[in-house]
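Worksheet for the structure shown next.
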2 protein chains.
Amino acid sequence: MPAPRAHDTGGTAPEGYDKYAFEPFAVTADLAVLTIRDGALHVLLVERGQQPYAGRWALPGGFVLPDESAEAAARRELAEETGLADVSGLHLEQLRTYSEPGRDPRMRVVSVAFTALLPNPPEPRGGGDAAQARWVPYGETGPLAFDHDRILADAHDRVGAQLEYTCLATAFCPAEFTLGELRQVYETVWGTAPDRPNFRRKVLATPGFVEPVPGAARLTRGRGKPAALYRAGPATALHPPLLRPAPEGRPS
Amino acid sequence: MPAPRAHDTGGTAPEGYDKYAFEPFAVTADLAVLTIRDGALHVLLVERGQQPYAGRWALPGGFVLPDESAEAAARRELAEETGLADVSGLHLEQLRTYSEPGRDPRMRVVSVAFTALLPNPPEPRGGGDAAQARWVPYGETGPLAFDHDRILADAHDRVGAQLEYTCLATAFCPAEFTLGELRQVYETVWGTAPDRPNFRRKVLATPGFVEPVPGAARLTRGRGKPAALYRAGPATALHPPLLRPAPEGRPS
DNA sequence: ACAAAAGTGTTTTTCTTACACCCATGT
DNA sequence: ACATGGGTGTAAGAAAAACACTTTTGT
């Protein structure tokens, strides 16, 4: 097997060179699909039916097909695993790529990981194959297959950080939501809740974060005063950021 | 060519299956190497000697070898392109992965892109092969090969954003530096300079950002009062962040 | 003497934080 | 009546922004 040459410097095989000349890489898209159920953060997991890691739970994912991007593969997998008809509006974002040589014992697999945020968690229907799938509370995911524990932890870190300086929180909410529900997103992901009156002011003072639903539409959740409804606005960045109460160890 | 099956659900070929059964992917590591020369942001580019994009400039990079991670490949390429003996302490960070099917006309290439920050720009020595390499001022890079314009723009965005909420700026500075030099990093990357007295206070008030060099070591750069020297501290995060003066369009 | 850069001080304004308090609804 | 969550007000404190001023060097 010849050593591959850098694609920008090689001078031996100008155009029609042998694609199969060197050790092949497989590229997969893996998903950390997060949602909030009953006020707790949940992750979508699938049970592996074969070796390696048979019987262990893993993040959903699959091979990137020859004619699709990793993003397209991730969105396709997301649709298959969740059974949602319209997956086009959902928040899907590239997390990072995991490429350690030994991460899959079968062959060289490079995984492009994504985070997906769902508003109303549907019952998972177990993918195209017969694999079992379910929502698992974050933190109660036993040891996962491959390096998926690490990927999941990275996804959680990222989402938590993004809540601080982006308008990402609305991705966890349905089309129309109350500010209380929005605040619960922060509380659920961070573990600590921002002060309610101050949160309200901050959100409303950020242009484009949320837009009021004009009709006197209101809604109650359990009991209490009916809350005004809002829709996600066009803004994506949060300037200045909404910092989480620093649990002492943060600056470092 | 059989359609590949998801690695978590496939049930046909348990372990020793044919690695060469489907369309192979190549995986490369591409680098956006940034540095500051004469007060201006520069990028390391290499000139392509062959098709496609022969004669065009491109980001340095190369194939990930079968037994190394993308990070290792990036660090190896960085050493080769810059000619630096010790590349171990340099800041290298994964940016994102580019996987659009048509990005390389020759075959399916998935690129894991990295940003690297250099303090003292060495004269590039043109890689292992005879490719020409040079520092190009950011903004004066004509159209690059492949999708490298996009990668470079993404890298610049990322670095600019990271200056706000991390201690990344020290990665552009040599081991010992003055606060004026550190401030120039912000000015160079952002295009706008933070207020000098306020910048000073902010940096010094953040524990672990910089540490004074205890000896009365001082140094002048051009003329003016000699400045105290500092070393990069152990902190990586910046809480609260150092926000850049918002050029109106930012919140959105 | 002057320019240029470092370093200190001060004031103004803004934002955050922490509460206290009232409102509307279900039980 | 009371619990529960929504919504408003406000005062103390912290931080950021703006700017004046002194210091120390090279030319």
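Naming convention: chains lettered A, B, ... in sequence-line order (proteins, then strands); numbering from 1 in each chain.
- Going from atom CG of A/Leu243 over to atom C1' of D/dA16 covers 13 Å, rounded to whole Å.
- When side chains are defined from C-beta on, B/Leu34 counts as touching B/Val43, because their heavy atoms get closer than 4.5 Å.
- Considering B/Asp154, B/Asp147, B/Asp30 in turn, B/Asp154 is the only one that fulfils the side chain to side chain donor-acceptor pair (under 3.5 Å) rule with B/Tyr98.
- Taking CG of A/Leu92 as the start and CG of A/Leu31 as the end, the distance is 6.0 Å to the nearest 0.5 Å.
- Of the side-chain N and O atoms in A/Arg223, none sit less than 4.0 angstrom from OP1 or OP2 of D/dA3.
- For C/dT8, the OP1/OP2 oxygens have a side-chain nitrogen or oxygen of B/Arg200 closer than 4.0 Å.
- With hydrogens and angles ignored, a donor-acceptor pair under 3.5 angstrom links the side chain of A/Arg196 to the base of D/dG7.
- Rounded to 10 degrees, the angle between the two end axes of the helix from C/dA1-D/dT27 to C/dT27-D/dA1 is 0°, with five pairs used at each end.
- Here C/dT8 presents its C1' atom at 14 Å from CG of B/Leu179, a figure rounded to the nearest Å.
- Expressed to the nearest 0.5 Å, how far CG of A/Leu45 lies from NE2 of A/His42 amounts to 10.5 Å.
- Atoms CZ (B/Phe199) and P (D/dA18) sit 16 Å apart, rounded to a whole Å.
- Remark: B/Lys202 does not engage B/Glu164 in a salt bridge, criterion side-chain N to carboxylate O under 4.0 Å.
- Below 30°, between 30° and 60°, or above 60°: for A/Phe199 and A/Tyr186 the angle between ring planes is above 60°, a perpendicular geometry.
- Below the 3.5 angstrom threshold, one finds a donor paired with an acceptor across the side chain of B/Arg201 and the base of C/dG9.
- Here the CD-CZ distance, from A/Glu123 to A/Arg134, works out to 10.5 Å after rounding to the nearest 0.5 Å.
- If you check every strand for non-hydrogen atoms under 4.0 Å, B/Pro240 touches sugar and phosphate atoms only.
- By the 4.0 Å N-to-carboxylate-O rule, A/Arg76 lies close enough to A/Glu80 to be salt-bridged with it.
- Between the side chain of A/Arg96 and the backbone N or O of B/Gln94 there is no donor-acceptor pair closer than 3.5 Å.
- Atoms CG (A/Leu242) and P (C/dC15) sit 14 Å apart, rounded to a whole Å.
- Neither OP1 nor OP2 of C/dA4 sits under 4.0 Å from any side-chain N or O of B/Lys225.
- The nearest whole Å value for the distance from the NZ atom in B/Lys202 to the P atom in D/dA15 is 9 Å.
- Heavy-atom nearest nucleotides on DNA chain D were determined for B/Pro241 and for A/Tyr230, and the one closer to the 5' end corresponds to A/Tyr230.
- Contacts with DNA chain D (heavy atom under 4.0 Å) in residues 186-195 of chain B: B/Asp195, listed by number.
- Residue B/Arg183 is the one, among B/Arg183 and B/Asn198, whose nearest nucleotide of DNA chain C lies closer to the 5' end (criterion: closest heavy atom).
- Nearest to the side chain of A/Ala227, among D/dC19, C/dA6, D/dG6, sits D/dG6.
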